[in-house]
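Structure record follows, encoded as structure tokens.
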Amino acid sequence: AKGLSGSNYCYFTESMEAENIQRLILESDLRKSVGSDQYEYFYQPKVNANTHTLCGVEALLRWKNNKGEYRSPIDVIPVLESSELIIDAGRYLINQACLQLKSWQDKGHFFDVAINISARQLLEADLVETITQAINNTGCNPHFLELELTESVLMCDVNFALKQLKSLRELGIKIAIDDFGTGYSSLAYLSRFPINILKVDREFIKDLPSNKDSITICRSIIELAHNLNLTIVAEGVETEDQLKFLESLGVEELQGYYFDKPLPLSDFENKYLATNEI
Ligand code: C2E
Ligand code: CA
Ligand code: CA
Ligand code: CA
């Protein structure tokens with residue numbers, strides 16, 4: 001059809017169609033593999049700013065197709081989200097995170113494990129039950145479990161989100177606001193939610209320490225967050241200059257390529273949890 005009428009229109013719809021087909025194939029592959037080890041977590045360390053030792057990890061989805069090639073969560077999550085798949089896949093992943101947490105705790109490693117929860121998951125009435133079951137089935141200590149939620153997720157349905165967060169906090173879980181500063185809500189408003197941790201988005205970190213606006217924004221976020229007794233995590237720390245500057249501002253935890261990219265389980269364990277037993 002391309003070029004028949006001389007317009008770009010046919011060409012455009014053809015490529016859109018190709019995109020839709022690719023998407024349907026991905027959705028179907030994602031559906032077939034729910035509950036299998038094609039859904040894998042990589043782990044990115046979070047480091048204590050004072051001691052430079054491991055204080056937690058963020059679990060990040062790395063889905064692989066049946067040829068073993070990894071697909072970015074940037075492609076995968078929206079497809080899971082726009083279908084109902086995020087619920088079943090999410091349930092599996094929550095359980096995997098709790099299993100991993102339990103396995104580390106059994107080996108005497110106590111650090112926080114954070115997982116990402118999308119809007120569709122938070123708005124699902126079952127979420128609290130799903131997490132309760134994962135905690136009970138695995139026997140993990142929930143005080144080391146963290147949920148990362150974005151501001152916009154909380155703003156979808158403020159009253160319901162508030163109710164969910166209260167129930168989750170009662171389980172002993174910690175709540176983190178992810179990508180802070182990129183949404184439209186104020187921290188004053190967010191303080192109505194029972195949150196523990198604020199993750200300052202990479203957007204405000206990447207031009208430190210030279211950009212005046214970034215400095216001003218980081219300073220004020222950190223001051224306000226500290227007044228609200230929140231722990232601050234700086235995301236996307238890539239350079240030593242950023243690290244030093246953030247430490248001077250009193251940030252508690254650091255995460256980013258400066259320390260490590262998200263690592264496959266075995267690489268993470270070899271690098272961070274290796275014992276001296278040989
Ligand atoms: P996010 O939660 O903001 O995760 C941080 C992203 O930044 C990760 O990308 C991480 O690999 C990347 N990153 C970490 N440090 C640096 C750095 O120093 N520089 C740069 N440039 N990037 C850095 P990733 O793994 O591709 O994940 C993308 C997004 O996909 C996540 O953003 C999160 O929103 C979503 N996601 C990942 N896993 C899950 C999951 O299991 N469930 C849900 N609902 N969402 C997930
Ligand atoms: Ca996150
Ligand atoms: Ca983030
Ligand atoms: Ca992000």
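Every number for a ligand or one of its atoms is a count from 1 in the order of the listing.
- Nearest to atom 5 (C) of ligand 1 by heavy atom, out of Glu235, Arg120, Gln96, is Glu235.
- Of all atoms in ligand 1, numbered sequentially from 1 with element shown, those under 4.0 Å from a heavy atom of Gly256 are 15 (N), 18 (O).
- Residue contacts with ligand 1 do not include Lys261, since none of its heavy atoms lies under 4.0 Å from the ligand.
- Residue-level proximity to ligand 1 for Ile115 is absent, since no heavy atom of it falls below 4.0 angstrom.
- Take a cut-off of 3.0 Å around the Ca ion (ligand 2): the protein N, O or S atoms inside it are Glu58 OE2, Asn116 OD1, Glu148 OE1, Asp178 OD2.
- In this view, Asp37 satisfies the salt bridge (charged side-chain N to carboxylate O under 4.0 Å, His left out) rule with no residue, not counting sequence neighbours.
- Counting atoms of ligand 1 from 1 in the listed order, those under 4.0 Å from a heavy atom of Ser118 are 44 (N).
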*Between Ser33 and Trp63, is a side-chain hydrogen bond (donor to acceptor under 3.5 Å, both in side chains) present by the stated rule, with each step listed?*
CA-CA 9 Å; Ser33 58; Trp63 181 81; 3.0 Å; yes
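- Lys166 has no carboxylate O lying under 4.0 Å from a charged side-chain N of Glu170, or vice versa, which leaves the two without a salt bridge.
- Using 4.0 Å as the threshold, Tyr41 has a heavy atom nearer than that to some atom of ligand 1.
- Centroid-to-centroid, the aromatic rings of Phe144 and Phe111 stay 6.0 Å apart or farther.
- Counting heavy atoms closer than 4.0 Å to ligand 1, residue Glu81 contributes nothing at all.
- Residue Glu238 has at least one N or O atom closer than 3.5 Å to an N or O atom of ligand 1.
- Numbered from 1 in the order shown, with element, the atoms of ligand 1 that lie under 4.0 Å from a heavy atom of Ile74 read 28 (C).
- Ligand 1 places these atoms under 4.0 Å from at least one heavy atom of Arg202: 19 (N), 20 (C), 21 (N).
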*asked:* Quick one, Tyr43 with Trp104, criterion ring pair (Phe, Tyr, Trp, His ring centres under 6.0 Å). Give me CA distance, side-chain angles, the key distance, then yes/no.
replied: CA-CA 13 Å; Tyr43 298 92; Trp104 283 328; 5.1 Å; yes
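- Side-chain N or O atoms of Asp126 include none that pairs as donor or acceptor with a backbone N or O of Thr130 at under 3.5 Å.
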*Begin with the C-alpha distance, continue with both residues' side-chain angles, and end with the deciding distance and a verdict on ring pair (Phe, Tyr, Trp, His ring centres under 6.0 Å) for Phe42 and Tyr70.*
CA-CA 11 Å; Phe42 277 28; Tyr70 287 106; 5.3 Å; yes
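- Here Gln255 has no heavy atoms under 4.0 Å from ligand 1, in either its backbone or its side chain.
- Every atom of ligand 1 is numbered from 1 in the order shown, and the set under 4.0 Å from a heavy atom of Val237 is 18 (O).
- The only option from Gln44, Lys46, Glu235 that meets the side chain to side chain donor-acceptor pair (under 3.5 Å) definition with Gln255 turns out to be Gln44.
- In terms of N/O distances under 3.5 Å, ligand 1 is not approached by Ser72.
- Proximity to Gln121 (heavy-atom distance under 4.0 Å) selects the following atoms of ligand 1: 44 (N).
- Inter-residue side-chain proximity for Leu60 and Pro73 is flagged as unmet; no heavy-atom pair is nearer than 4.5 Å.
- Checking only distances, Asn116 does come within under 3.5 Å of ligand 1, N or O to N or O.
- Note: an N/O pair closer than 3.5 Å links Glu58 and ligand 1 by distance alone.
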*From CA spacing to verdict: side-chain hydrogen bond (donor to acceptor under 3.5 Å, both in side chains), Glu269, His109*: CA-CA 11 Å; Glu269 290 188 328; His109 301 296; over 6 Å; no
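- When the heavy-atom distances from atom 18 (O) of ligand 1 to Trp63, Tyr257, Phe42 are ranked, the shortest goes to Tyr257.
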*Taking it one step at a time, do Glu58 and Asn116 satisfy side-chain hydrogen bond (donor to acceptor under 3.5 Å, both in side chains)?*
CA-CA 8 Å; Glu58 178 172 1; Asn116 293 281; 2.9 Å; yes
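- Looking at Val76 and Leu30, their side chains come closer than 4.5 Å, going by heavy atoms from C-beta outward.
- Between the side chain of Glu253 and the main chain of Lys199, no donor-acceptor pair closer than 3.5 Å is present.
- The contact set between ligand 1 and Pro262, taken as ligand atoms under 4.0 Å from a residue heavy atom, comprises 11 (O).
- Pairs of residues two or more places apart, or lying in two chains, that qualify as side-chain hydrogen bond (donor to acceptor under 3.5 Å, both in side chains) and include a residue from residues 216-226 are His226-Glu252.
- Each of the atoms 16 (C), 17 (C), 18 (O) of ligand 1 lies under 4.0 Å from some heavy atom of Gly236.
- Checking only distances, Ile77 never comes within under 3.5 Å of ligand 1, N or O to N or O.
- The other members of the hydrophobic cluster of Phe160, by chain and number, are Leu123 (side-chain heavy atoms under 4.5 Å, ILVMFWY only).
- When side chains are defined from C-beta on, Val153 does not count as touching Gln121, because their heavy atoms never get closer than 4.5 Å.
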